[in-house]
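Written out below as structure tokens is the structure these notes cover.
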Amino acid sequence: MSAFDDPDLDPQVLRVVKAVADAGSITGAAAALGYSQPAISQQLKRLERRLGVPLVERVGRSVRLTEAGRILARHAPAVTTALDAAAGELAELRGLRAGRVRLVGFPSASPTIVPRLLAELEAGHAGVTVTYLEAEPPEAVVAVREDRADIALTFSYPGDRDDPHGPSARGLSVRTVGTDDLLAVLPAGHREAGTAVVDVAGLAGERWIAGCPRCRGHLLELCARAGFEPHIAFETDNFVAVEGLVAQGIGVATLPRMAVASFPQLPGVVTLPLPPTESRTIHVVTAHGAERVPAVRAVLAGIEHVLERMSE
């Protein structure tokens, strides 16, 4: 039997190696895992002796993983997720309903989906603790891949060239859980303000207010499909600022319904739906098998239930 076939390869050491990769130092890994720095060093040295290859090398005052260390770090998320799933299923057999879930989501989900989700979990799964960070979809997907999050709440637009659910999500589980209408945001006296559904082609001569980089990219593609290139006069990822600019007649814009619903609509602004084909799709991204962890499964079910209620 070779060293790499060693059945005593400790999964906890995989967490240590992964923490060193993330933190860039043994001290940082110790802080992240709640161990002392000597304890982390000892665990690494024991594993190096067992495998017969170095896992870390010093570079100035910091350390970095060797090729062998990077191999272990790359496999660590899959191993730890599988172990967490097994522990969760055993906990279910014992009647336990507790656990911590790390959720990361896009900005307009923060004031809309997340508060409802936390209230629902408090009522039905009080033992489940959720930590939450805000990030745009590409960063959220990376957080799941690097085992810094258990669930990423993300979105994609039709024809999105930078869709983070393509090759960058390979090896992860991506599931569609809902849609979010895209709205035209117009001054109250605009000629299109009385229409039931806004035709983007009718806004070809307007000045536009663009949002975040991904939203700006979608605006360009949306207008290109309508046969024109938008004149983008201003850019801001602040939803309230977008409406404020529109209210003053500075330009027109598009915003997702969730963004519009996250704050009281400003006077002098009307929001009207674009065709349903322009709606963005809401996804949840996890490691494969993560839904077998009871706490993760409870949060996933909660997200779907919240989105169902929001669409009624």
Side-chain angles (χ1 to χ4, degrees), residues 15 18-19 21-22 32 73-85 88 99-118 120-121 125 128-158 160-180 211-215 217-218 237 256-259 262 279-308 310-311:
R15 290 188 171 93
K18 181 64 169 59
D22 292 339
R74 187 172 70 246
H75 288 282
V79 173
T80 56
T81 295
L83 289 172
D84 289 343
R100 181 174 70 94
V101 177
R102 300 164 298 169
L103 175 65
V104 59
F106 53 91
S108 57
S110 300
T112 52
I113 299 173
V114 175
R116 293 174 173 87
L117 172 65
L118 296 179
E120 183 163 307
L121 291 171
H125 301 276
V128 174
T129 301
V130 175
T131 61
Y132 179 69
L133 289 175
E134 192 175 274
E136 293 290 348
E139 293 75 26
V141 170
V142 170
V144 171
R145 180 176 298 284
E146 295 182 349
D147 196 28
R148 292 183 284 109
D150 302 299
I151 301 172
L153 190 56
T154 64
F155 66 84
S156 63
Y157 282 110
D160 191 348
R161 297 177 190 174
D162 298 320
D163 187 353
H165 309 94
S168 64
R170 187 173 293 122
L172 300 176
S173 172
V174 181
R175 188 167 68 200
T176 298
V177 290
T179 58
D180 186 21
C212 68
R214 292 191 68 246
C215 298
H218 176 254
D237 57 5
R257 187 178 294 278
M258 285 185 192
S262 66
S279 297
R280 65 178 180 175
T281 303
I282 310 301
H283 311 272
V284 287
V285 181
T286 65
H288 282 298
E291 70 281 355
R292 291 183 291 158
V293 179
V296 172
R297 185 164 64 249
V299 174
L300 290 172
I303 290 171
E304 293 193 30
H305 188 219
V306 166
L307 287 169
E308 286 173 6
M310 289 175 62
S311 65

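Values in this document were obtained by computation on a predicted structure and should not be read as measured data.
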For the student: nearest non-hydrogen atoms of [X] and [Y], plus distance:
| X | Y | answer |
| --- | --- | --- |
| A287 | S173 | O-CB, 4.3 Å |
| P111 | S262 | CG-CB, 3.2 Å |
| M258 | D180 | N-OD1, 3.2 Å |
| M310 | I113 | SD-CG1, 4.0 Å |
| A152 | A140 | CB-O, 3.6 Å |
| V174 | A169 | CG2-CB, 4.0 Å |

Any side-chain heavy-atom pair of [X] and [Y] under 4.5 Å:
| X | Y | answer |
| --- | --- | --- |
| P158 | H218 | yes |
| T131 | L103 | no |
| T286 | L172 | no |
| V141 | E139 | no |
| S156 | H283 | yes |
| I282 | T179 | no |
| V285 | I151 | no |
| P294 | H125 | no |

N/O donor-acceptor pair under 3.5 Å between [X] side chain and [Y] backbone:
| X | Y | value |
| --- | --- | --- |
| R100 | T129 | no |
| K18 | E146 | yes |
| R116 | T112 | yes |

For [X], all residues meeting side-chain hydrogen bond (donor to acceptor under 3.5 Å, both in side chains), sequence neighbours excluded:
| X | value |
| --- | --- |
| Y132 | S110 |
| E120 | H305, R309 |
| R175 | E304 |
| E308 | none |

List in chain and number order the residues that pass ring-ring contact (aromatic ring centres under 6.0 Å, His included) with F155, two or more places apart in sequence or in another chain; answer none if no residue qualifies.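 Once residues adjacent in sequence are excluded, the partners of F155 under the ring-ring contact (aromatic ring centres under 6.0 Å, His included) criterion are F106, Y157.
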Would you call R102 and D150 a salt bridge, using N to O less than 4.0 angstrom?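 Salt bridge between R102 and D150, a charged N being under 4.0 Å from a carboxylate O: yes.
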Among residues at least two apart in sequence or on other chains, which ones pass side-chain contact (heavy atoms from CB on, under 4.5 Å) with A149?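 Scan of A149 (side-chain contact (heavy atoms from CB on, under 4.5 Å), adjacent residues dropped) gives V104, A143, V144.
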Between NE2 on residue H165 and OG1 on residue T176, distance to nearest 0.5 Å: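 These two atoms lie 8.0 Å from each other.
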